[in-house]
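As the structure lists them, so they are numbered: ligands from 1, and atoms in each ligand from 1.
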Amino acid sequence: MTIKNICCLGAGYVGGPTCSVIALKCPEIKVTVADLSKERIAQWNSDKLPIYEPGLDEVVKTCRGRNLFFSNDISGSILEADLIFISVNTPTKITGNGKGRAADLKYVESAARLIADVAQSNKIVVEKSTVPVRAAESIANILIANQKPGVTYQILSNPEFLAEGTAVTDLLSADRVLIGGEDTKEGRAAVEELCSIYEHWIPRTKIVTMNTWSSELSKLAANAMLAQRISSINSLSAVCEATGADVSEVARAVGLDSRIGSKFLQSSVGFGGSCFQKDILNLVYICECLNLPEVAAYWQQVIDMNEYQKHRFTTKIVESCFNTLSGKKICILGFAFKKNTGDTRESPAIHVAKTLLDEGASIKIYDPKVDKEQIDEDLTNPYVCENPEDFRKRIAIYTDPYAASNGCHAIVVCTEWDEFIHLDYKKIYGNMMKPAYIFDGRKILDHQALINMGYHVQTIGKKL
Ligand code: UDX
Ligand code: ADP
């Protein structure tokens, strides 16, 4: 089989950018990204894409209507595809067995069932969502149990390593592409087909093939180890604050050791995003199920340290403001979980905002890319607050950082957007209540300059 037609189920942060780049690099292949959501597909077909990702608009503009299509016709897309990516959402389960930790595979399962219902010809089905180890086996079980005569399936694991905010460059120049498949003649042939797609732009030496379970576990392992580095440096930031060491200096010194390297050692208010917490919780759950409690406890600690870091930061804010925030106005700069994305999933800003609201503050939020509706949903859903109307009265969302900080007692930087570095903090100081505080949760500001202007400044991992 030569792949001429690809379909991707799920037009989210993974499916959208991945398939746009495949379409860009494989002009002879028709790529259709199909989603249940009419609104999402309409946005992908409009000038305002549903996700903000540097460089993505240009890629979509080049390919859309040429060999890249966004559609709600899921069955039609499956029917004509030779290869199907499953990149639907895999949230953490909120009820039942494994609640709060295990991945909820209901969307993956329903995608597999739909493929089995619709397919009339052989398909290569590629698992791209982050799923627990042996999920490919579950997909295979569903497909095989519902197999029609003459239709065969090959299931591959091809985990995604793109980071939001740099998705397009990560896809264009990936460190590696991982493909897991069955060690049979047919399995190896399917792996080769998928390799041939990536070989359009990725050197063969960077395309690594292995067994399906290794591929699935490698994704969880990579995310767990990246998150572990952040929790490690964050744990040391507490030691720095207690001793007078500076965590940035420590990170630099440690990172210069070529065996360690400098990436993912930026101490912060805590990590967020749709992957790190979810994947580690998944790993912990899998270890418990495999009767490996010591391994489970080891990885759980990475999450616990992240919670501790977020808590430490908000405690610092409350204590600095004379232990009461009742009636005070606090400006939050940045709501996304990192810069260059509008995504707020597991953003530490949610924890910060909730704590400040629980303490009685009014909060004024500015983020360059997060929609007002998203912030409202994040802060008033039942998992975050009991009384949404009370919270709503004390939340205001701004499209300008100067208006957001006007009249505030404190500014809290939650996301490292570049534009926050260059704001006119003298002007801002003039319009704030005194004493004026800045809590820099991302270590991006010039703290000495702010102190000279009159601010009380606190940050992570350094006594000021
Ligand atoms: C991550 C992985 O990097 C990616 O390979 C995987 O496919 C999906 O999960 P993402 O969550 O998009 O990507 O962003 P990432 O850049 O990894 O940042 C995650 C969180 O860690 C952010 O909240 C970020 O601010 C924080 N972080 C990152 C730090 O606090 N310090 C650092 O040094 C790096
Ligand atoms: P991710 O960050 O993993 O890409 P998202 O939540 O951004 O996750 O995107 C997942 C997308 O998958 C959503 O747009 C959702 O509507 C879509 N989806 C869920 N189930 C199906 C399905 N069976 N077929 C097609 N799309 C689906």
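Set against the non-hydrogen atoms of E160, the atoms of ligand 1 under 4.0 Å away are 7 (O). Close contacts of ligand 2 with G12, meaning ligand atoms under 4.0 Å from a residue heavy atom, involve 4 (O), 5 (P), 7 (O), 9 (O). Heavy-atom contacts of G10 reach the following atoms of ligand 2: 11 (C), 12 (O), 17 (C), 25 (C), 26 (N) (cutoff under 4.0 Å). Near F271, the atoms of ligand 1 lying under 4.0 angstrom from a non-hydrogen atom of the residue are 20 (C), 21 (O), 23 (O), 26 (C). Close contacts of ligand 1 with K219, meaning ligand atoms under 4.0 Å from a residue heavy atom, involve 7 (O). Every atom of ligand 2 is numbered from 1 in the order shown, and the set under 4.0 Å from a heavy atom of S110 is 23 (N). Per-residue contacts place A34 under 4.0 angstrom from the following atoms of ligand 2 (heavy atoms of the residue considered): 25 (C), 26 (N).
When atom types are taken as modelled, the side chain of H351 and the backbone of S347 share no donor-acceptor pair closer than 3.5 angstrom. Checking side-chain atoms of Q309 against main-chain N and O of S268 turns up a donor-acceptor pair under 3.5 Å. Checked by atom type and distance alone, the side chain of K123 pairs as donor or acceptor with a backbone atom of L79 at under 3.5 Å. The backbone N or O of D117 lies less than 3.5 Å from a partner atom in the side chain of K148, making a donor-acceptor pair.
Annotation for R252: atom CZ does not count as buried by contact number, only 12 or fewer foreign heavy atoms lying within 6.0 Å. In the displayed structure, H200 atom NE2 is contacted under 6.0 Å by more than 12 heavy atoms of other residues, nucleotides or ligands. Atom CG of N97 sits in a sparse spot, with 12 or fewer heavy atoms from other residues, nucleotides or ligands closer than 6.0 Å. Within a 6.0 Å radius of OH in Y308, other residues, nucleotides and ligands contribute 12 heavy atoms or fewer.
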E416/K339 under salt bridge (charged side-chain N to carboxylate O under 4.0 Å, His left out): CA gap, chis, key distance, verdict: CA-CA 6 Å; E416 73 282 21; K339 73 174 179 180; 6.0 Å; no

Verdict with reasoning, T90 to K278, per side-chain hydrogen bond (donor to acceptor under 3.5 Å, both in side chains): CA-CA 9 Å; T90 51; K278 186 182 80 175; 2.9 Å; yes

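Residue contact annotation: I74 has a non-hydrogen atom under 4.0 Å from ligand 2. The closest approach between a heavy atom of S129 and any atom of ligand 2 is not below 4.0 Å. Using 4.0 Å as the threshold, R442 has a heavy atom nearer than that to some atom of ligand 1.
Of the heavy atoms in I233, none comes closer than 4.0 Å to ligand 1. Under 4.0 Å from ligand 1, the heavy atoms of L162 that appear belong solely to its backbone. Residue contacts with ligand 2 for R345 involve side-chain atoms from C-beta outward but no N, CA, C or O (heavy atoms, distance under 4.0 Å).
No N or O atom of Y107 sits closer than 3.5 Å to an N or O atom of ligand 2. Here's the thing with L226: none of its N/O atoms is less than 3.5 angstrom from an N/O atom of ligand 1. Some N or O of G272 is nearer than 3.5 Å to an N or O of ligand 1, by distance alone.
Given atom 27 (C) of ligand 2, the protein heavy atom at minimum distance is V88 CG1, 3.5 Å. For atom 2 (C) of ligand 1, the closest non-hydrogen atom of the protein is N223 OD1, 3.5 Å. Among all non-hydrogen protein atoms, the one lying nearest atom 5 (P) of ligand 2 is R40 NH1, 3.6 Å. In terms of protein heavy atoms, atom 18 (O) of ligand 1 is closest to K338 CD, 4.1 Å. Looking at atom 6 (O) of ligand 2, its nearest protein heavy atom turns out to be N89 CB, 3.6 Å. For atom 31 (N) of ligand 1, the nearest protein heavy atom (residue, atom name, distance) is Q266 O, 2.8 Å. Annotation: atom 30 (O) of ligand 1 to nearest protein heavy atom, S268 OG, 2.7 Å. For atom 27 (N) of ligand 1, the closest heavy atom belonging to the protein is I230 CD1, 3.4 Å. Remark: minimum distance from atom 11 (O) of ligand 1 to any protein heavy atom is reached at F337 CE1, 3.5 Å. In this structure, atom 3 (O) of ligand 2 lies nearest to the protein heavy atom V14 CG2, 3.9 Å. Ranking the protein heavy atoms by distance from atom 8 (C) of ligand 1 puts C275 SG, 3.3 Å first. Scanning the protein heavy atoms around atom 1 (C) of ligand 1, the nearest turns out to be F276 CE2, 3.5 Å.
Atom-to-atom distance recorded for I363:CD1 and I330:CD1 is 9.0 Å, nearest 0.5 angstrom. We find the CD1-CG distance between I421 and L445 to be 7.5 Å, quoted to the nearest 0.5 Å.
Between N122 and T152, the side chains place a donor N or O and an acceptor N or O closer than 3.5 Å (distance only, hydrogens not considered).
Looking at L36, I41, D35 and measuring to atom 16 (O) of ligand 2, the nearest heavy atom belongs to D35.
Using a 4.5 Å cut-off on side-chain heavy atoms (C-beta onward), I3 and I124 make contact. Between F264 and M225 the shortest side-chain heavy-atom distance does not fall below 4.5 Å.
Using bins of under 30°, 30° to 60° and over 60° for the plane-to-plane angle, the ring pair Y52/W417 lands in the tilted bin. Aromatic ring pairs are classed by plane angle as parallel below 30°, tilted from 30° to 60° and perpendicular above 60°; the pair Y198 and W201 is tilted.
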